[in-house]
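As the structure is a computational prediction, the values presented were derived from the model and not from experiment.
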Amino acid sequence: MKFSTTTCALLGIFVLLNSGFSECLQMSVLPEAGTNVTLSTSRSAEECSVCRVSGVNGSELACFSTLSLQPEQSVTLQYNCTNPHEAFTAEILKTVECTEASCSPATGQTQPSLFKDLSRTFIWQLTGPEETQLVLTFPEDGLKKIEPSETCPDQYQYTVVSTQPNGDVHTEKFCRTGPVSHVDLPNKAVVNLQVPGKEEVDQTLFEITSKPLVKRSRMINVAPEPQTTIFIRKVDPESACTVCKNEGSEPSQCSNSLTLTGTNSFSVDFTCPQPQDSFRVEINKEIDCSETDCPGDVVQAEFPHFLEFNRSFTWDLRVSPLQAFKLDFSGPGMKQVLPSDSCPDEHTYSIITYQRTGPLNIGTYCRNGSISMVQVLYKGRLSLMVPAERKLDPEIFKVSTGGEIKKLAVVNVNLPSKTSVTELFSANYPDNFPDDDLMMWDFRVPPNYNYTVKFLENTAPRCLRKEVAVEYQQDGKYKIGRKLTDTQPTQQQGSFTMSLTNCETDRRGNPPGLSLKFQVAVVKSSHPVLCTVDLENEPDLTIEIEKTTSGTFCEMKMDAVVQDKIIVPPGKKTNLAFQDCPSKELKMTASKTLGCQKWEECPMEGTQLTLPVMAQCLPVQMQKMTWNLMVPGDGTVDLLPTTGNLRQSLPGQECERPYIVNVAEVDGTPFGEFCPKGAISKVQIHSNISVTATPRPASRSQASPFFNVTFSREINESYIFTVSPKVASPSVVSTPNWPDASPSGEGHTYIKVQTLGSLEEMLSRREDEKMEDTLNIPDSFYLNTSNCLLEEGEFSLLSKITLQKKSNVLLPIILGTIGALLFLMLIVLAVVCVVLRKKKKKLAKEASIYIPKGNIFLPGEGGFPKSRASNESHVYTSIEDNMVYGHLLHDPAYSGPVTDQYGGPQADGKPSRMEKAPMSDTEQDVYRPFLDPSQGMGPARPHTPVDRQGSLGFVDRRMVDNELNTFKSNGDLTPLRLSTVEPQAEPIGEMEEAL
């Protein structure tokens, strides 16, 4: 654009007077020799431009956003905007040409006054001949190298961009003042210097020199292994790099390849700094089995010196003629791929056989496939290719000598036990299969699967003699011949072999030869069992189905995804499929969570534990059902059988009914097992628990409730058994998880008896006190047992209660110990209890068993119900013999019948196992009397007595931390026998018969 300068001149005077910088400022510029200048702005020409002034008296202007100025050409410029230093930048370029000896110019020169007000970038383009090194020297304060993301504080910044011989571009950044005094560059580089506006710049910044490139070498010390040869071969013929071998005092011998043998150490030099770009390394080992046995397992160690090189590990294998060598890959197996394919783990194997016509590729393979073995006739090579920088992941394979084969190769394929497709190729694929030769594949098909062979791609040769044939043989029986164009076996069962035979081909005119790409697909021969499990109305129920045996052909799917273990989550509807899954190979369990975390969330009425109704289509019945019963921290779980009463399942006693209920604390501490037909009418446990039932084989459409569960407020014991013994029918009750030991508490080991409504203890004995032989109890009572913090020994108790009716006479109940009390006396003599009181520790709960007369009631419901005065069925006059079996020392590993536990201590009179409980940092106990029942919050019943530190009766916190078991009985006059001499007791088998 051109226009007159008259108006601009008048305007310029006005602006100059007012702002000090003209909108139409003119200046004359003369770039030095070898200097090219470019002015540029990012603004539009209407906003700001620079104009070349020409014509008579500068009457014509040519304005531009970008303007280039040539060396040694004077020009007058004019800006048509205010503050052009904010709009324009100047790029000042110099070219430096170098020879092998010098550069011109020899310094980095600037023109300091040129466009001083603008931000400037000085650029030096440096070039020199190949094999030349350029050096920049900064003689004064030097430079400081910075990271690419950093900037210089004074905005005075150098950027050096160099092109390496291999084409890589390398960038470095520097600030002024630092330790760097010189920078080495290749023969091509660009040096930039950015200078902010109005900043001064020196005329000479650095010196430029050149010199011939000194070739750097790379040295590697190598020591080959025995029977190993290392080949270093050049793969880039255009590279001038060579490899040299130094051995002892011999002069270096350099060439384009190098072979290292023996076990001596060699020094290998390369005449270039990056020899991995020009050479590859092959590590070869020979295995000759023609006269000796093959070595068996073969594993290749890494050569860390050559990690930067592309490497190949090769094994040359030889056996006697007509024999085959076998490569066993049965560990991970192999998968055949095309020679042009790469493997996911970058470890590519290939097998080559040597024929008269030269080497022939049997196949290329990756790890993790169905090929388990390859047999190759006479002589061949196994190769493993690993790329540079990839560490060798050695795979052990076996080499052995096979029998005589009249085939090129035999490939053994173990088809997987799942729906799959395996692709295979003929030897030398995609090139020609050798003339008049034979190759065989041996397929192992898993049971319950069908196979289908399909030819994907093939080429047929022009035959002179014989024909191309495909032959199948199954289990060594008859052979079936097919042509390449025939339909191959479809949906067949059983293992089989497939052979491919070539004819003698006519090679005139270069026709195609024989090649074959095919696949073998296997699918289940059976049909899947489909089943929909709907738990949308069961928000708390989980079902698990898993296999019980390994190596099974069972295939399970959940929503079309194969699973080894199926978990159907609560509240979900899931589609399942089972194929070849007999019920004996499956296990199905279910679990359900009931309860609450806060009392306001707890159900007001009882909940029945009912076996859920399972889908009829499931191939297996439920083996186990578990209910996790959760209760607030101050709550209790109450278990009441729906029909009849329960008994504890003890060693030597089996349940008559098929349901066994295991009650265990949720944290895994075992509590015990319960069976039908007993005297226990209620179990109360102050804890979260789980209840496990083993259902009997029955129709899964029938729901079977067998427990009522209620959640009540805190009891003062750890647990309570409510026992209602029957007339003339012994009832056996034990501490939880008998015969294992009861949990340790604190205080003393006690056995105590106290009638209901009475403050007087009829019996109170601890481990260091003598026991009476008998005790008569006139009414319903509690039998409490409490374990201490044992220093030695263990404690558990087995009791037997027998009631016998007599007319018009009060009821006696005899509680006695058979043999076990002999253990009690031993405890008195041998066991030492550590009686301690812990400071500020939450106290443990008691435990009790309540044995009532007449109607069952709940301790804590405000009182005892009245008995039936007109019915003599509840009146008992005498007891034959009633015994409590207890032992404080036994073998905790014992799992035999109960009868074996009643023979007393070991022959040497010592307990079975002696253990010491760890001491804690607590104070020694101080005893004080029991609490009065009126001080508690519960009903009028005796507090469970413990040591004199306090009582855990009801909710009083002055109790000692201990474990207390209470057996409660409601009856008339009852003798209690606690004897150190074993009375004549009926065998445990008779007790079971009575149950």
For the residue pair [X] and [Y], what are the closest heavy atoms and their distance?
X: H85; Y: D117; value: CB-O, 3.4 Å
X: I146; Y: C152; value: CD1-SG, 4.1 Å
X: V96; Y: C103; value: CG1-CB, 4.0 Å
X: D345; Y: R390; value: O-NH2, 3.0 Å
X: T66; Y: S40; value: OG1-CB, 3.8 Å
X: T364; Y: P339; value: OG1-CA, 3.6 Å

Is there a donor-acceptor contact under 3.5 Å from the side chain of [X] to the main chain of [Y]?
X: R311; Y: F309; answer: yes
X: K94; Y: T35; answer: no
X: N361; Y: G363; answer: yes
X: T41; Y: R43; answer: yes
X: D202; Y: T204; answer: no

Any [X] side-chain heavy atom under 4.5 Å of [Y] side chain:
X: V243; Y: L258; result: yes
X: E346; Y: V386; result: no
X: F122; Y: V201; result: yes
X: V191; Y: L126; result: yes
X: F206; Y: L143; result: no
X: C366; Y: N368; result: no

If only side-chain N and O atoms count, and only distance matters, is there a donor-acceptor pair under 3.5 Å linking [Y] with [X]?
X: S49; Y: N80; result: yes
X: S239; Y: S278; result: yes
X: Q157; Y: T151; result: no
X: E47; Y: S44; result: yes

Taking 4.0 angstrom as the limit, do [X] and [Y] come out as a salt bridge?
X: E172; Y: K145; answer: yes
X: R233; Y: E282; answer: yes
X: K116; Y: E200; answer: yes
X: D154; Y: R176; answer: yes
X: K245; Y: D269; answer: no
X: R280; Y: E308; answer: no

Steps toward side-chain contact (heavy atoms from CB on, under 4.5 Å) verdict (L67, R52): CA-CA 9 Å; L67 179 63; R52 188 192 298 271; 3.5 Å; yes
Hey, what do you get for [atom1] ([X]) to [atom2] ([Y]), rounding to the nearest 0.5 Å?
X: L134; Y: T127; atom1: CG; atom2: OG1; answer: 8.0 Å
X: S210; Y: E97; atom1: OG; atom2: CD; answer: 11.5 Å
X: Q111; Y: R120; atom1: CD; atom2: CZ; answer: 10.0 Å
X: T314; Y: I283; atom1: OG1; atom2: CD1; answer: 8.5 Å
X: N256; Y: C241; atom1: CG; atom2: SG; answer: 9.0 Å
X: N36; Y: Q73; atom1: CG; atom2: CD; answer: 9.5 Å

Quick one: do T271 and T242 satisfy side-chain hydrogen bond (donor to acceptor under 3.5 Å, both in side chains)? Show the steps, please. CA-CA 5 Å; T271 59; T242 58; 3.0 Å; yes
Taking atom [atom1] of [X] as the centre, report whether more than 12 heavy atoms of other residues, nucleotides or ligands fall under 6.0 Å from it.
X: K188; atom1: NZ; result: no
X: K144; atom1: NZ; result: no
X: Q155; atom1: CD; result: no
X: E150; atom1: CD; result: yes
X: K335; atom1: NZ; result: no
X: E147; atom1: CD; result: no

Can you confirm if the aromatic rings of Y79 and F88 lie within a centre distance of less than 6.0 Å?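 Yes, ring centres under 6.0 Å apart.
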Please find out if less than 6.0 Å separates the ring center of F138 from that of Y158.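 Yes, the ring of F138 comes within the 6.0 Å limit of the ring of Y158, centre to centre.
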For T76 and M27, what are the C-alpha separation, side-chain angles and deciding distance, and is it a side-chain contact (heavy atoms from CB on, under 4.5 Å)? CA-CA 5 Å; T76 299; M27 59 185 303; over 6 Å; no
Parallel, tilted or perpendicular, as decided by the 30° and 60° cut-offs, for the rings of Y429 and F425: tilted
Residue from N192, L193, I92 passing side chain to side chain contact (heavy atoms under 4.5 Å, CB included) with I123: N192
Stepwise side-chain contact (heavy atoms from CB on, under 4.5 Å) check, Y349 with L382: CA-CA 7 Å; Y349 292 81; L382 171 66; 4.1 Å; yes
ring-ring contact (aromatic ring centres under 6.0 Å, His included) between F279 and F306, intermediate numbers included: CA-CA 10 Å; F279 290 86; F306 299 114; over 10 Å; no
Of T261, T229, D316, which meets side chain to side chain donor-acceptor pair (under 3.5 Å) against N284? D316
Would I230 and V268 satisfy side-chain contact (heavy atoms from CB on, under 4.5 Å), going step by step from the backbone distance to the final call? CA-CA 12 Å; I230 299 177; V268 177; over 6 Å; no
What do the steps show when you test D393 against R367 for salt bridge (charged side-chain N to carboxylate O under 4.0 Å, His left out), and what is the final call? CA-CA 11 Å; D393 185 8; R367 290 191 290 193; 3.3 Å; yes
